[in-house]
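All remarks here apply to the structure that follows.
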Amino acid sequence: MPETLVQIEPKPPHGDWRDPHVEFRKGSICYSAAPKNLTALGLPNPRAWQPLDSDWKLPPDWKRIILDGMKERLQKYRSFRLFMDICVRCGACADKCHFYLGSSDPKNMPVARAELMRSIYRRYFTLTGRIFGALAGGRELTEDVIKEWFYYFYQCTECRRCSVFCPYGIDTAEITMMGRELLNLIGCNTNWVLEPAANCFRVGNHLGIQPHGFKDSLDFAADEAAEITGLDFEVPINRKGAEVLFVMPSADYFGTPHYYTLLGYLMLFREIGLDYTVSAYASEGGNFGLFSSHETMKRLNAKIYEEAKRLGVKWILGGECGHMWRVLHQYMDTMNGPADFLEVPVSPITGTVFENARSTKMVHICEFTADLIHHGKLKLDPRRNDRWIATYHDSCNPARAMGLLEEPRSILRAVCRNFHEMPENTIREQTFCCGSGAGLGTDENLEMRLRGGFPRANAVKYVKERHGVNLLTCICAIDKATLPTLLEYWVPGVEVAGVHELLGNALVMTGEKERVADLRGEPFQTETQAAITVSEADHA
Ligand code: SF4
Ligand code: SF4
């Protein structure tokens with residue numbers, strides 16, 4: 001019950017914070033990865049185990065593996081060593097994490113989460129720690145520490161909100177990533193992260209949808225777009241020589257409400273006559289490698305570029321996805337780039353050169369569409385979205401990792417007449433996470449998801465009560481999958497939609513039949529329809 005979960009009592013820990021013992025509770029942990037998924041990815045120590053077991057069946061030399069892994073990464077990643085050394089414990093980040101705000105567990109303060117790793121660093125990798133141990137803030141590496149890492153590094157959505165407030169720019173998400181990467185070395189990983197990663201590696205997308213299933217899904221969407229508009233649609237798959245490769249999160253073609261976003265893309269591409277193709281192998285923008293290890297992230301990112309090369313496209317356009325863009329903007333170039341075999345993206349409609357994508361050769365669909373709108377290339381009727389009073393959730397990765405703040409808003413303002421922002425300290429760079437990112441969106445982890453999503457839901461509640469908001473828009477597939485549950489729990493009556501769903505509603509396509517319903521099949525509001533009919537008659 002919401003009344004129960006909202007009772008959050010900040011309780012200082014009874015004992016020393018350095019005690020690593022954790023009470024694992026159902027509802028706040030993710031299940032372990034199935035051995036077949038570790039095997040598929042070539043990861044070590046595949047076995048049957050669960051976090052609630054007392055014996056995690058770690059390899060006999062697990063301690064050496066972790067310390068060697070840590071040493072290697074301290075040498076390889078300068079940021080890792082820096083983040084281990086420079087925290088002054090000012091506490092500015094302490095109350096900025098949604099998991100701390102929603103759970104009141106002190107170890108969910110970003111500074112404390114990082115300290116779980118830092119204490120091991122001090123003990124084994126600093127002179128004072130090696131000599132003075134606990135007196136110098138060090139801790140022994142024990143099996144309980146491994147369990148504590150697992151618990152708290154899988155209670156961080158790698159959202160980077162805390163880093164916005166850190167005067168030193170310490171990125172706790174990077175520390176979480178290192179923690180998860182080290183845990184992976186001894187086979188401590190979660191199924192909700194590794195199963196999609198393994199499927200993506202073997203087949204091309206998270207659910208392991210085979211090429212014929214992929215084609216069926218897109219054909220179905222094309223038929224539906226045709227029915228809505230009265231126009232013919234075709235989605236080109238694996239078409240060599242197209243100008244643009246379009247990559248979307250797979251949820252767009254199998255999930256709801258994502259699917260309506262897909263309809264919006266298809267309508268847009270047809271209307272502007274975009275010369276594009278999708279790929280049956282690069283049929284996933286999401287990259288769950290980001291949530292497990294750099295090596296897996298690199299391999300999953302590479303397949304998009306290999307497909308771009310194979311198909312001979314000029315550049316890549318990416319759909320509404322969250323972490324795809326974090327991987328693209330922060331890691332792609334040093335992992336697999338530069339993509340010199342592609343061209344600097346240029347909009348074939350407006351001639352805009354996307355200088356920001358000079359290295360990655362990949363443009364975000366919101367940048368692309370906002371540019372079209374800015375140049376007056378789309379005919380839009382925002383009245384078709386009159387049943388919605390919308391707000392916008394800045395998905396963490398596009399907002400904080402790539403600064404995509406204005407483009408989605410400029411689209412929304414063009415396609416929707418009722419739009420209200422949530423409070424300033426909950427949007428843009430300071431946006432609150434959905435609470436289910438970074439591979440935490442499992443059902444078994446539901447209590448922690450609802451707790452972690454509480455600050456976001458609270459801001460939605462504010463605009464619902466103040467302005468009657470009934471739609472939360474966003475541009476991330478994980479958000480679209482998890483926010484409906486969160487809102488149903490904390491703010492019933494608010495639905496979730498992608499920005500390109502609203503664009504698809506508002507887009508007046510050349511030669512379309514009279515449209516009476518939106519992409520969800522809901523009739524346009526009566527007065528809206530009347531106004532549309534009158535103005536179209538005037539126009540004629
Ligand atoms: S990255 Fe996000 S989830 Fe992780 S500690 Fe920081 S605020 Fe919390
Ligand atoms: S804000 Fe930065 S320096 Fe201050 S406690 Fe947090 S991580 Fe450390």
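The analysis underlying the following values was restricted to heavy atoms, covering all of them including side chains, and did not include hydrogens, waters or symmetry mates. All ligand and atom numbering here is 1-based and tracks the order in the structure. For reference, positions follow the sequence shown, starting with 1.
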* **Protein heavy-atom partner closest to atom 1 (S) of ligand 1 - residue, atom, separation in Å** => Arg160 N, 3.2 Å
* To do: Please identify which atoms of ligand 2 are closer than 4.0 Å to at least one heavy atom of Pro167.
  => 1 (S)
* Cation over ring face, Arg130 and Tyr124, 6.0 Å, 45° -> no
* **Face-on cation placement of Arg451 at Phe99 ring, 6.0 Å and 45° thresholds** => no
* Asked: Under the 3.5 angstrom rule, does the side chain of Arg139 hit a backbone N or O of Leu116 as a donor-acceptor pair?
  -> yes
* Asked: Between the main-chain N or O of Asn287 and the side-chain N or O of His323, is there a donor-acceptor pair closer than 3.5 Å?
  -> yes
* Close-contact set for ligand 1 against His98 heavy atoms, below 4.0 Å -> 2 (Fe), 3 (S)
* Which of the atoms in ligand 1, numbered in the order shown and given with their element, are less than 4.0 Å from a heavy-atom of Thr157? -> 3 (S)
* To do: Compute the centroid of each ring, for Trp388 and then for Phe419, and state whether the two points are separated by less than 6.0 Å.
  => no
* Of all the heavy atoms in Gly169, does at least one lie under 4.0 Å from an atom in ligand 2? -> no
* May I ask whether Met109 has any heavy atom positioned less than 4.0 angstrom from an atom of ligand 1? => no
* Structure fact -> Honestly, for Arg113 the part within reach of ligand 1 (heavy atoms, under 4.0 Å) is side chain
* To do: For the pair Lys298 and Glu295, find out whether any cationic side-chain nitrogen is under 4.0 Å from an anionic carboxylate oxygen.
  => no
* More than 12 foreign heavy atoms under 6.0 Å from CD of Gln50: is that the case here? -> yes
* To do: Find the distance between CD1 (Ile475) and NZ (Lys480) and round it off to the nearest 0.5 Å.
  => 8.5 Å
* Output, by chain and residue number, all protein N/O/S atoms separated from atom 8 (Fe) of ligand 2 by less than 2.8 Å. => Cys87 SG
